[in-house]
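Sharing a structure with you now.
Small disclaimer: the values here were computed from a predicted structure and weren't measured. All residue numbers refer to positions in the sequence shown, counting from 1. Only this structure's heavy atoms are used, side chains among them; waters, hydrogens and symmetry mates stay out.
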Amino acid sequence: MTIAGTDSSGGAGIQADIKTFTAFGCYGTSVITAMTAQNTTGVQGVHPSPPEFVRQQLHSVLSDVKIEAIKTGMLFDADNTVAVAASLKAHFGGPGSAMPPLVCDPVCVSTSGHTLLQPDAVKVMISDLFPITALVTPNRQEAELLLSQQDKELKISSLEDMVSAAKKLRELGPKAVLLKGGHIVITMQDIERVCSSNPDIEVVKDALLGDNMEILQASEADAATRELVVDVLHQSNGSTSIFVRPRINSTSTHGTGCTLSAAITSALARGLSIRDATSLATSYTHAGIETAFPIGSGYGPLNHMHSITLRNIPKPTLSNPHPFTRLLIKSTSKIWKEYVEHDFVKQLGQGTLRRECFIHFIKQDYHYLKYYGRAYALLGAKSPSYPAIQAAAQTMFNVVNEVKTHVSFCEQWGITEEELKSTPESSATTAYGAFIIDTGLQGDRSKLIMALAACLLGYGEVGLWLRKQASLPNSWVKWEGNPYLKWMEDYSGEHYQNAVKAGLDTIEAEAAADPPSIVRFQEWVATWERCTRLEKGFWDMALGLL
C-alpha cells in the first residue's frame with residue numbers, strides 16, 4: 001500500500017509507487033492524501049484530501065485486502081499525518097494483527113522547491129509515525145529538517161556527517177534509517193577514510209567492479225574512479241551499511257525518492273530483510289535513471305519499467321557495458337578465482353616454476369590449439385552472417401599464426417617442432433579439447449561461444465592480474481629477469497588484450513541480440529563453469545606433470 005499524493009505528470013507520488021510495485025511483481029493499493037498539479041518543471045498546485053476521507057480510504061482497503069507492506073509519501077499536513085498514524089495503529093493494534101513493514105519517505109519539499117509537508121506536520125510525523133516505522137528514507141535536506149525539530153541540528157555535507165545523522169535520526173524512533181546521498185558527492189577515498197575509522201561498516205559495491213575482473217577494468221572505466229553516490233543505512237541492531245554506486249549526470253530524476261522507497265517496500269513485502277531490500281531497491285532505482293528516456297522539458301521521470309522487459313540479462317549501459325560477462329564471472333566466482341590465481345600462475349609470476357612443468361605445459365598447449373582452431377571452424381559453420389563467419393575464420397588464422405609463434409617460442413626452450421608433434425596428449429588436454437568440440441557439435445552457436453570464452457578471457461585475466469600484482473610495492477611477482485617474462489608480456493600485452501576486448505563484445509552482443517531464457521542462461525553458465533574447471537585442470541596437469 002502507498003499512502004501519498006498524486007503526480008499528474010506520472011513520474012512521482014502514487015503513480016510512481018504503483019509502477020514500481022508492478023515492476024517488482026507486487027499488487028499495489030493506494031490512499032491519496034493530496035492531489036497535485038505538477039509536471040517535470042515543478043508543482044503548480046496542491047489540493048489536500050480531508051482527513052476523514054484519508055481514514056475512509058484506509059479503512060476501505062485494510063478491511064478488504066491483506067497488506068504485506070506499506071509506504072508513506074507526501075502526507076501534506078498534521079491532520080492527515082495524525083489520520084494515517086491513528087488508522088494504522090487502530091487496525092494493526094489488536095491481538096494477532098501485527099503491523100506490516102512500514103516505510104516512511106518524509107516528503108517535505110519538491111525538487112523545484114515547493115513545500116509538500118506543512119511545518120506543523122513534521123513534529124507529528126516524528127511523534128506519531130516514526131515509532132511504528134520500520135524504515136525512514138530522508139534525503140539530506142529532509143534529514144536536516146527532521147533533526148532540527150529535536151534540537152539535534154547537523155549540517156550534512158560529508159560521508160562522516162551522513163553516518164552521524166543516520167544514527168541520530170534512528171534515535172527519533174524508527175527501527176532503521178536510510179539516509180539518501182544523492183545531493184552529496186562522494187569519492188572512493190571518502191569511503192576508505194570512513195571505513196578505516198569505522199571497520200564495522202559494511203560497504204555494498206554491487207555496482208562497482210570486484211575482484212578478478214581485470215579484463216573488465218581494462219575495457220571499461222571503473223566506477224570507483226568516478227564521483228559516487230552513497231546511501232547510508234543504520235539499523236536498530238547497531239549495524240551500518242553504505243550502498244555505493246556511480247553518480248549519473250541525468251535530468252531524469254523526477255520521483256527518485258518515491259521510486260526508491262516504493263522499491264524497498266515491494267522487496268520487504270516479498271520477505272527480504274531491510275538490508276537486502278535496500279540493496280535491491282538502490283540497484284533498481286539506479287538502472288531506472290540510467291535507462292530513462294526524455295519526457296517533458298524539465299526533470300523527467302525514471303524508467304520504472306526497465307526491469308520487467310523480458311530479459312534475464314540486463315542490456316549493456318554506459319556504466320555497465322559488459323553485464324553478461326559480469327554475471328558469468330560472479331556466477332562461478334570460486335572456480336574462476338582458483339583458475340586465475342592458481343599455484344601454477346603464482347609460481348610462474350615469481351619465476352620459481354619448475355622448467356619441466358612449463359615445458360610440459362607449452363607442449364600440451366600446442367595440442368590444445370588444434371582443438372581450439374577446429375572449434376572455431378565449427379563456429380564459422382554455425383554463424384548466421386558473413387561478418388560472423390569472417391570473425392570465426394579470422395580467429396582460425398590467428399590460431400595458425402599463434403602456433404607458428406608457439407613453435408618458435410618452444411625452440412627457445414630446446415623443444416623442436418618434431419618433439420611437439422610426437423609428445424602424447426595428456427588426459428587433461430584430450431578432455432578439454434573433446435568437450436569444446438562436443439559442444440560445437442551439439443548445435444547451439446551461443447553455447448560454443450561460451451565454451452571458447454573461458455580460454456580467451458581467462459588468459460587475458462591472468463596476464464592482467466600478474467601485471468597488476470607486479471606493479472604493487474614490494475610485489476611478490478618478479479617481472480624483470482623472470483624466465484617466463486615473454487609469456488606474461490604476451491598475455492597482458494596490447495595485441496592479446498585487443499582479442500579479449502573483441503571476445504567480450506562478441507559475448508555481450510550474443511546475449512543482447514538473443515536474450516536467453518532462464519534455462520538457456522543456466523546452460524551457458526554451466527558451459528562456462530565446465531570450461532573454467534577444465535582450464536584449472538590444465539594448470540593442475542602442468543604443475544603435476546600429469
Inset, instruction - Output the distance between atom CG (L62) and atom CD1 (I67), rounded to the nearest 0.5 Å. - result: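 Separation between the atoms: 6.0 Å.
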Inset, instruction - State, with a plain yes or no, whether a side-chain heavy atom of K205 is found less than 4.5 Å away from one of M188. - result: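 K205 reaches M188 side chain to side chain.
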Inset, instruction - With sequence neighbours left out, write down each residue that passes salt bridge (charged side-chain N to carboxylate O under 4.0 Å, His left out) with R533, or none if nothing qualifies. - result: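 Counting only residues at least two positions away or on another chain, R533 forms a salt bridge (charged side-chain N to carboxylate O under 4.0 Å, His left out) with E529.
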Legend entry - side chain to side chain contact (heavy atoms under 4.5 Å, CB included) involving V185 - partner list, sequence neighbours excluded: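 Partners of V185 by the side chain to side chain contact (heavy atoms under 4.5 Å, CB included) criterion, ordered by chain and then number, come out as E227, R247.
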Inset, instruction - Taking the side chain as every heavy atom from C-beta outward, state whether E290 and H286 have any atom pair closer than 4.5 Å. - result: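 They are in side-chain contact.
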Inset, instruction - Not counting sequence neighbours, list each pair that qualifies as a side chain to side chain donor-acceptor pair (under 3.5 Å) and has a residue in residues 261-272. - result: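 For residues 261-272, and leaving out neighbouring residues, the side chain to side chain donor-acceptor pair (under 3.5 Å) pairs sorted by first residue read K71-S261.
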Legend entry - Side-chain touch Q522/I518, heavy atoms, less than 4.5 angstrom: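 Counting from C-beta outward, Q522 and I518 do come under 4.5 Å.
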Legend entry - Closest non-hydrogen atom pair between I184 and S157, with its separation: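 For I184 and S157, the tightest heavy-atom pair comes out as CG2-O, 3.9 Å.
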Legend entry - S279 and D276: side chain donor to acceptor below 3.5 Å: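 S279 vs D276: no donor-acceptor pair found between side chains.
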Inset, instruction - Using modelled atom types only, decide if a donor and an acceptor are shared between the side chain of Q235 and the backbone of A176 within a distance under 3.5 Å. - result: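 Such a contact is absent between Q235 side chain and A176 backbone.
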Legend entry - From I3 atom CD1 to T72 atom OG1, the distance as rounded to the nearest 0.5 Å: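 Between atom CD1 of I3 and atom OG1 of T72 there are 6.5 Å.
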Legend entry - ring-ring contact (aromatic ring centres under 6.0 Å, His included) assessment of W336 paired with Y339: CA-CA 5 Å; W336 179 254; Y339 164 35; 5.6 Å; yes
Legend entry - Passing option when D231 is tested against R245, R140, R275 for salt bridge (Lys or Arg N to Asp or Glu O under 4.0 Å):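 Testing D231 for a salt bridge (Lys or Arg N to Asp or Glu O under 4.0 Å) against R245, R140, R275 leaves exactly one candidate, R245.
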Inset, instruction - Compare every heavy atom of C195 with every heavy atom of I242, then report the nearest pair and how far apart it is. - result: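 In this case the closest contact between I242 and C195 is CD1-SG, 4.4 Å.
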Legend entry - Distance (rounded to the nearest 0.5 Å) between S333 OG and L328 CG: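 If we round to the nearest 0.5 Å, S333:OG and L328:CG are 12.0 Å apart.
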Inset, instruction - Would you check if H183 and Q141 make a side-chain contact, meaning some heavy-atom pair closer than 4.5 Å? - result: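 No. Closest side-chain heavy atoms not under 4.5 Å.
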Legend entry - Side-chain donor or acceptor of Q44 paired with backbone N/O of G42 under 3.5 Å: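 Checked: pair present.
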Inset, instruction - Apply side-chain contact (heavy atoms from CB on, under 4.5 Å) to D505 and H322, showing your working. - result: CA-CA 8 Å; D505 291 341; H322 304 107; 4.3 Å; yes
Listing, residues 81-103 side-chain donor-acceptor contacts under 3.5 Å, not counting sequence neighbours, or none:
residue	atom	partner	partner atom	Å
T81	OG1	D77	O	2.8
S87	OG	A83	O	2.8
K89	NZ	D128	O	3.3
S97	OG	H91	O	3.3

Which donor-acceptor pairs under 3.5 Å do the side chains of residues 508-516 make with protein atoms, sequence neighbours left out?
residue	atom	partner	partner atom	Å
E508	OE1	F324	N	3.2
E508	OE2	F324	N	3.3
E508	OE2	T325	N	2.8
E508	OE2	T325	OG1	2.7
E510	OE1	R445	NH1	2.7
E510	OE2	R445	NH1	3.3
E510	OE2	S446	OG	2.5
D514	OD2	R520	NH1	3.0

Legend entry - Side chain to side chain, I264 and L178, heavy atoms closer than 4.5 Å: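 They are in side-chain contact.
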Inset, instruction - Report yes if some heavy atom in the side chain of K315 is under 4.5 Å from a heavy atom in the side chain of T291; otherwise report no. - result: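 Not in contact.
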Inset, instruction - Could you list the residues that satisfy ring pair (Phe, Tyr, Trp, His ring centres under 6.0 Å) with F24, not counting sequence neighbours? - result: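 Here the qualifying residues are Y284.
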Legend entry - Atom pair CD1/CE of I186 and M162 - distance to nearest 0.5 Å: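 Going from CD1 on I186 over to CE on M162, the span is 6.5 Å.
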Legend entry - Min side-chain heavy-atom separation S241-T278 under 4.5 Å: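 No, side chains not in contact.
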Legend entry - Check: D161/S164 side-chain N/O donor and acceptor closer than 3.5 Å: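 No - no donor-acceptor pair under 3.5 Å links their side chains.
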Inset, instruction - Taking the side chain as every heavy atom from C-beta outward, state whether S9 and H254 have any pair of such atoms under 4.5 Å apart. - result: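 S9 reaches H254 side chain to side chain.
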